[in-house]
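Side-chain atoms are counted along with the backbone in the values below, which use heavy atoms only and exclude waters and symmetry mates.
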Amino acid sequence: CLGQERRSSGQTNSLILSYGKLNLKSFETDLTQKPKRVSLKLGDAPLPCAFSFQDNHLLVAFNELNLSANQRLDIVAEY
């Protein structure tokens with residue numbers, strides 16, 4: 001399940017794996033403006049990440065994650 005919440009202060013994208021497994025190294029989405037800060041959380045645990053922004057397109061890169069069923073990954077971009 002993929003969710004997105006847009007606010008005047010930023011945007012949150014959430015990925016909740018319903019079943020199976022998923023390996024991820026990056027996440028891409030469109031934004032209306034350049035973020036000042038981007039954070040990544042797996043459940044309640046913050047994870048290090050790097051980001052780039054060009055032409056309203058955000059790319060978030062991180063060490064490979066191995067998501068399992070019912071795990072939630074949140075990517076928060078703050079303006």
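Contacts of Gln54 classified as side chain to side chain contact (heavy atoms under 4.5 Å, CB included), with partners at least two apart in sequence or in another chain: none. Listed by chain and number, the residues in a side-chain hydrogen bond (donor to acceptor under 3.5 Å, both in side chains) with Thr12 are Arg7 (sequence neighbours excluded). Residues passing the side-chain hydrogen bond (donor to acceptor under 3.5 Å, both in side chains) test with Gln33, sequence neighbours excluded: none. Partners of Arg72 under the salt bridge (charged side-chain N to carboxylate O under 4.0 Å, His left out) rule, at least two apart in sequence or in another chain, are Asp74. For Asp30, the side-chain hydrogen bond (donor to acceptor under 3.5 Å, both in side chains) test picks out His57, with sequence neighbours left out. Annotation: side chain to side chain contact (heavy atoms under 4.5 Å, CB included) contacts of Leu59 (sequence neighbours excluded): Ser26, Glu28, Ser52. Taking the side-chain hydrogen bond (donor to acceptor under 3.5 Å, both in side chains) definition, one finds that Asn13 meets it with Gln4, sequence neighbours left out. Checked against side chain to side chain contact (heavy atoms under 4.5 Å, CB included), Asn23 has the following partners two or more places apart in sequence or in another chain: Glu64, Asn66.
Looking only at side-chain heavy atoms (C-beta outward), Asn63 and Lys25 stay at 4.5 Å or farther from each other. Contact of the Tyr79 side chain with the Leu31 side chain is registered, since non-hydrogen atoms from C-beta on lie closer than 4.5 Å.
To the nearest 0.5 angstrom, Phe53 atom CZ is 13.5 Å from Lys36 atom NZ. Leu42 contributes atom CG, which lies 10.0 Å from atom CG of Leu15 (distance to the nearest 0.5 angstrom). Going from atom CG of Leu24 over to atom CG of Leu67 covers 5.0 Å, rounded to the nearest 0.5 Å. Here the straight-line distance linking atom CG of Leu65 with atom CG of Leu47 works out to 6.0 Å at 0.5 Å rounding.
Across every non-hydrogen atom of Val38 and Cys49, the tightest pair is O-SG, 3.7 Å. Leu58 and Pro35 get closest at one heavy-atom pair: CD1-CG, 4.1 Å.
Each side-chain hydrogen bond (donor to acceptor under 3.5 Å, both in side chains) pair with one or both residues in residues 37-51, not counting sequence neighbours, appears once here: Arg37-Glu78.
Two different hydrophobic clusters hold Phe62 and Ile16 under the rule that ILVMFWY side chains link at heavy-atom gaps under 4.5 Å.
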side-chain contact (heavy atoms from CB on, under 4.5 Å) between Phe27 and Ile75: does it pass, once the steps are laid out?
CA-CA 8 Å; Phe27 185 86; Ile75 300 96; 3.9 Å; yes
